[in-house]
S.K.: 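A single structure is presented below for examination.
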Protein chains: 2
Amino acid sequence: MAAEPATADAVEDALVDDPLLADDRITAVGLLFEASALVARELEHGLVDRAGLTSPWWEVLIRLGRTPGHRLRMSELAHAMASITPSGLTRLVDRMEEAGLVERQTCAEDRRGAFAALTPAGQAQLLAALPDHLADIDRVLVGVLSSRDLAALERCLRLVRDRLQAPVGEADAGH
Amino acid sequence: MAAEPATADAVEDALVDDPLLADDRITAVGLLFEASALVARELEHGLVDRAGLTSPWWEVLIRLGRTPGHRLRMSELAHAMASITPSGLTRLVDRMEEAGLVERQTCAEDRRGAFAALTPAGQAQLLAALPDHLADIDRVLVGVLSSRDLAALERCLRLVRDRLQAPVGEADAGH
DNA sequence: AGTGAATAGTTGTAAGCGCAAGTATATAGG
DNA sequence: CCTATATACTTGCGCTTACAACTATTCACT
């Protein structure tokens, strides 16, 4: 590849005229990412300031809190959290365990596995931070839309998620 | 706060019954984050595998490519990119400059400032990666929805974004 | 039972990011 | 003109993350 920057004027014009750069699809993903990032930033600031909890910590607390028994296999938790890998989850649970919010429990049926379980302290943190967090969600997302719009948004997002989240054991042309 | 983990059974029941944990608002943000993260992961893998470009690199290329003149002030770029801070942008542009995809240009009107500008190599990378990327967007987002649903989704996301993105110089109760 | 492949989870290593503090320039007020 | 404050960007530092390689256990097949 030629590495020398030459006069760029000719190329610039070609670029501006390229119809692909104006494609609506770019706008569509851009909107999804921007809205998500802005909401995430807003909510995280609230959680950090009021409860000292970052987004990943909060997501672990919420997912365990909403699960009967308040515990999940590490692999289930890792799969459910789209924004982290198994490796990242190991250290995340390390830190949360050190902070006393969750604990690891051995799995009797599969001795390779481990559960992450909410501790009483973790449950207390979760319940303490929840009301203000819900109010924030209202302020930045739910309250911005009519209930009809919100329902439509959720339906669309669910379609997208389900397309990408559950490609396990599904139809796969060949075999 | 008592730090000793006791038998957690009593607390667990209280938690399960807490109506706040079942609140629909949690589901709503959860869907937004999951859909966004899954789409982001999918698109990033495509970009990395085919073009060696990570998401932040791609976003810089796209934003510069879609700007007349193919350059933006560092501060404008940082503000537009919801998922990075000015500090992060400095190093991101450092690396992209080292890779030859962008270059810094001094700003005549404000000598504190700097432009980030696309190089010919950056423009070439952008155009080379674009067709496959658009196809990926189709596969994971646009093609999943009817055109009516897509329009509704975009409208909702725009409402959310505009609420959070432009709180500059707007109404602010007191003064 | 016994061997090979798959799965659950963890760890070494390196890269990327944000916060807070620093430097340089611009702007406002006396 | 001169000082004080604000803005644009960068840098020191520590934390978090992903990728790839590793260990332990289970499953499939003979």
S.K.: Using 0.5 Å steps for rounding, measure from the CG atom of A:Leu89 to the CD atom of A:Glu59.
M.R.: 10.0 Å
S.K.: Show every ring-ring contact (aromatic ring centres under 6.0 Å, His included) that has at least one partner inside residues 118-162 of chain B, sequence neighbours left out.
M.R.: B:Trp58-B:His133
S.K.: What's the CZ-C1' distance between A:Arg111 and C:dA6, to the nearest Å?
M.R.: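 A:Arg111 atom CZ is separated from C:dA6 atom C1' by 18 Å.
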S.K.: Measure the shortest side-chain to side-chain distance between B:Val140 and A:Arg163 over non-hydrogen atoms and say whether it is less than 4.5 angstrom.
M.R.: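 Side chain of B:Val140 against side chain of A:Arg163, heavy atoms only: no contact under 4.5 Å found.
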S.K.: Encode nucleotides 11-21 of chain D as B, S and - characters from 5' to 3', where the letter depends on protein heavy atoms closer than 4.0 Å: B to the base, S only to sugar-phosphate, - to neither.
M.R.: BBB--SSBB--
S.K.: Heavy atoms, side chains only, cut-off 4.5 Å: are B:Glu98 and B:Asp94 in contact?
M.R.: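 When only atoms from C-beta onward are counted, B:Asp94 and B:Glu98 do not touch, as no gap falls below 4.5 Å.
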S.K.: With a 4.5 Å heavy-atom cut-off, do B:His79 and B:Gln165 have their side chains touching?
M.R.: yes
S.K.: Measure the distance from CD on A:Glu76 to P on C:dG9 and round it to the nearest whole Å.
M.R.: 9 Å
S.K.: Kindly indicate whether the side chain of A:Arg112 and the base of C:dT7 share any N or O donor-acceptor pair separated by less than 3.5 Å?
M.R.: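 Flag set: donor-acceptor pair detected.
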S.K.: Over how many whole Å does the gap from A:Met74 atom CE to C:dT7 atom C1' extend?
M.R.: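 Spelled out: CE on A:Met74 to C1' on C:dT7 is 15 Å.
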S.K.: Going by the side-chain contact (heavy atoms from CB on, under 4.5 Å) test, name the single residue among B:Val60, B:Leu61, B:Val48 that passes it with B:Leu53.
M.R.: B:Leu61
S.K.: Name the residue closer to the 5' end of DNA chain D, choosing between B:Gly113 and A:Glu109 according to the nucleotide with the nearest heavy atom.
M.R.: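 Comparing both residues, the 5'-ward one is B:Gly113.
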S.K.: Tell me: CZ of B:Phe115 to C1' of D:dT10, nearest whole Å?
M.R.: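 Answer to the nearest Å: 18 Å.
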S.K.: Measure CG/A:Leu72 against C1'/C:dG9 and give the value in whole Å, please.
M.R.: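 Those two atoms, CG and C1', are 15 Å apart.
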S.K.: Give a yes/no on whether any side-chain N or O of B:Arg73 is located under 4.0 angstrom from OP1 or OP2 of D:dC9.
M.R.: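 Answer yes for this pair, as a side-chain N or O of B:Arg73 is under 4.0 Å from OP1 or OP2.
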S.K.: In this structure, how many angstroms lie between the P atom of D:dT23 and the CG atom of A:Asp110, rounded?
M.R.: 19 Å
S.K.: Starting at atom CE of B:Met81, determine the distance to atom P of C:dG16, rounded to an integer number of angstrom.
M.R.: 13 Å
